[in-house]
Amino acid sequence: MVPDVSTGSDSRGLIAYLFGPGRRDEHTNPHIVAAWDMAGAPDPGRDPAATYSQLARRLDHHVDLRTRELGGKKPPQHVWHCPVRTAPGDRYLTDNEWAEVARRVVHATGIAPDGDERACRWIAVRHADDHIHIMATTVRADGRRPRTHQDGRRAQAECRRIEAEFGLRRLKSGDLTAPRTPTGAERAKAERQGQSVTARHWLRERAYAVAAAVHTEADYFTVLQSLGIKVKTRLGPESGDVIGYSLAAPGDTNSAGEPIWYGGSKLAPDLSINRLRERLPDQEMADRPRYAADPAEPWEHTITAIQMAHSVLDSDDDAAAQGHLAAFGDALYNIASSTSGPHRAELRAAAMAFNRARRSATRADHQAATELAYASNEPGGLAIALLFATVHLARAAATWHEQRGHEQQAAAAEEAFLHLQAGYQQAAAPALAELAHRTPRAATASRFEQDVRAALPDHADRILTDPTWAALTTTLAQAETAGHNLRRLLTEVSAQRELDSAERPAEVLNWRIAAQPNRRTQAARRQSAINGTSVRSATPHPPATPVTTRPAERSRHR
């Protein structure tokens, strides 16, 4: 059951919508199921003599008195509106049940506490099977405004209790950091136009993908416009700086043919101009040479950054952890954009699912996650080792949210994990088969077996009987060629994360080893620095066929 609280200033206009036919005649049998006073609330849906204006005057009674007291100054945003919708698949609720829902919601939110005879006036209108609209005017009989602080959160909490008592689908508790749910009118419009998602949803996904790929605010707006999205900025009256922005999808217009604008914060809380500026580096940082101190391959940097994210999620620094989750969300969009192959759809689905897990009520320290956000922006081939690492970071993110009671975020991270896992399996199966096909000769494989037993005696039997052991022998041969001492390397990579819970420890070791830098290439780099010459960086012993890149898909909302 989903409540969605908002405020406005036009009581008659909202009444006309609630009792009207809807934007495409979707409203059926509109009528009042509950009110502050059923006898005193005219019902235009059931009483032919009742009018919208008459009902508006009854609801506005206390507002009008307060307006006269204030010398003609009407209280701002005095109309309170809260649709409450059951989840898809829930059973049918009767009018009496919806009436109970409405009374409990207005009590929980402070609009009309039980037994308060001087509370605000309100009505609950039903015009569909699966939802009601609660409307109130927020001036009490005593002239005071109701105490509606955190009314959205309180409405959600009450709906969770109602779900349990009514036997409805139990939704996850939220923390008011989720993006706005598309309205019924937006969904109807998308369906009418043959679109699978609403314009709001389409814009939000494009905005996230662009924000993940760019380094400056100016580039953010430029790339959005290159995708055919209309951009409108709001400037400060004195400074002339951008203080807000709105986006409009191509072809999304109102009845007058004008673009329908959505403010950044209305798309999602972390797409507001201020939140974007917290994420994007300043111009000086954006212009600096990348990896000047260490010219290793970009994917190596991303692997290292993901390993760092694991450590931060295990720490007590929640702000830094939240920053890494936001950066990981950006990384997923960039990974999906630079990936080709059948698993690309799963990676895009993972990025979209993780959007809910990237933010919570904990304020993010984005500076703590600079390396993950910065490294993940690099173009180029994506090693399957990197994809393997993202799977486990998504699971760690789900655990982190679960431990803090972030139910919606934990569920979103778990959904992203499942998509990443499916994508990894699609990409890894042929790569592991290719590695297994290239196994070294038996004598070399036997020597590697002795290395495993010496370095990892507690895990050796499980590793050697793992179906991917043959593939691991090829990766070990590549690592040896790259200059690694295998026993030392096996000890080091096994210490990164425990192996006890790994279903296939050889597969885990395979990708951890594949992500290690090439020792011979590193030595050549150091020598070139001494000699003042340039040596082209080469990917160290590639783990398997890397994922190739292609330009990000630029589909448009029509």
The test is side chain to side chain contact (heavy atoms under 4.5 Å, CB included); show your working for Arg277 and Tyr220 and say whether it passes. CA-CA 11 Å; Arg277 285 171 178 158; Tyr220 174 70; over 6 Å; no
Show your working on side chain to side chain contact (heavy atoms under 4.5 Å, CB included) between Ile229 and Val210 and close with a plain yes or no. CA-CA 12 Å; Ile229 295 171; Val210 172; over 6 Å; no
Where do Leu332 and Phe328 land on the side chain to side chain contact (heavy atoms under 4.5 Å, CB included) test, with the steps shown first? CA-CA 6 Å; Leu332 291 179; Phe328 183 50; 3.8 Å; yes
Using the rule given for side-chain hydrogen bond (donor to acceptor under 3.5 Å, both in side chains), can you reason through Asp317 versus Ser315, listing the C-alpha separation, both sets of side-chain angles and the distance that settles it, and then say yes or no? CA-CA 6 Å; Asp317 191 343; Ser315 73; 5.7 Å; no
Assess the residue pair Asn334 and Ser337 against the criterion (side-chain hydrogen bond (donor to acceptor under 3.5 Å, both in side chains)); give the C-alpha distance rounded to whole Å, side-chain angles, the decisive distance to 0.1 Å, and a yes or no. CA-CA 5 Å; Asn334 290 321; Ser337 295; 5.4 Å; no
Check the pair Arg447, Glu480 against side chain to side chain contact (heavy atoms under 4.5 Å, CB included), reporting the backbone distance first and the verdict last. CA-CA 12 Å; Arg447 179 164 55 83; Glu480 188 174 56; 2.8 Å; yes
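Taking the centre and axis of the six-membered ring of Phe417, the NZ or CZ atom of Arg395 falls inside the cone set by 45° and 6.0 Å. Seen from the ring of Trp261, Lys230 does not count as a face-on cation partner, given the 6.0 Å and 45° thresholds.
Counting all heavy atoms, side chain and backbone alike, Glu449 lies closest to Leu464 at CG-CD1, 3.5 Å. Nearest heavy-atom pair across Ala479 and Leu489 is CB-CD2, 3.8 Å. Heavy atoms only, all atoms of each residue included: Pro505 and Asp466 are closest at N-OD2, 3.2 Å. Closest of all the heavy-atom pairs between Ala427 and Leu387 is CB-CD2, 4.1 Å. Scanning both residues, Gly329 and Arg358, for their nearest heavy atoms gives C-NH1, 3.5 Å. Between Asp252 and Ala199, the closest heavy-atom pair is OD2-CB, 3.2 Å.
Counting non-hydrogen atoms of other residues, nucleotides and ligands closer than 6.0 Å to CZ of Arg169 gives a total of 12 or fewer. Within 6.0 Å of CG on Asp500 lie more than 12 heavy atoms contributed by other residues, nucleotides or ligands.
Ser272 and Asn274 form no side-chain donor-acceptor contact under 3.5 Å, judged by distance and modelled atom types alone. When only modelled atom types and interatomic distance are considered, Asn510 and Thr475 share a side-chain donor-acceptor pair under 3.5 Å. Tyr245 and Tyr262 form no side-chain donor-acceptor contact under 3.5 Å, judged by distance and modelled atom types alone. The closest side-chain donor-acceptor pair between Trp511 and Tyr424 falls under 3.5 angstrom. Of the N and O atoms on the side chains of Ser311 and Asp314, not one donor lies less than 3.5 Å from an acceptor on the other residue. Inspection of the Tyr208 and Asp330 side chains reveals no N or O donor paired with an N or O acceptor under 3.5 Å.
In this structure, Pro440 and Thr474 have side chains that are in contact, with non-hydrogen atoms separated by less than 4.5 Å. Between Thr222 and Val214 there is no side-chain heavy-atom pair separated by less than 4.5 Å. A 4.5 Å side-chain heavy-atom check between Val493 and Leu509 finds at least one atom pair inside the cut-off. Contact of the Leu280 side chain with the Thr216 side chain is not registered, since no non-hydrogen atoms from C-beta on lie closer than 4.5 Å. Put simply, the side chain of His484 does not reach to within 4.5 Å of the side chain of Arg488, judged on heavy atoms. In this structure, the side chains of Ile384 and Leu432 stay at 4.5 Å or more apart for every pair of heavy atoms. Annotation: side chain of Ser360 is not in contact with side chain of Arg404 (no heavy-atom distance under 4.5 Å). Counting heavy atoms from C-beta on, the side chains of Arg275 and Arg279 never come closer than 4.5 Å.
Ionic pairing of Arg85 and Asp4 is not present here: no N-O contact between side-chain nitrogen and carboxylate oxygen is shorter than 4.0 angstrom. Checked for salt-bridge contact, Glu278 and Arg363 meet the test: a charged N lies under 4.0 Å from a carboxylate O.
No donor-acceptor distance shorter than 3.5 angstrom exists from the side chain of Arg348 to the backbone of Ala336, with no hydrogens or angles considered. In this structure, the side chain of Arg154 engages the main chain of His149 through a donor-acceptor pair within 3.5 Å.
Separation of atoms CZ (Phe448) and CZ (Arg487) is listed at 11.5 Å; rounding is to 0.5 Å.
When each of His406, Gln408, Glu415 is checked for a side chain to side chain donor-acceptor pair (under 3.5 Å) with Arg356, only Gln408 meets the rule. Applying the side chain to side chain contact (heavy atoms under 4.5 Å, CB included) test between Ile463 and each of Thr468, Val452, Leu490 identifies Val452 as the sole match.
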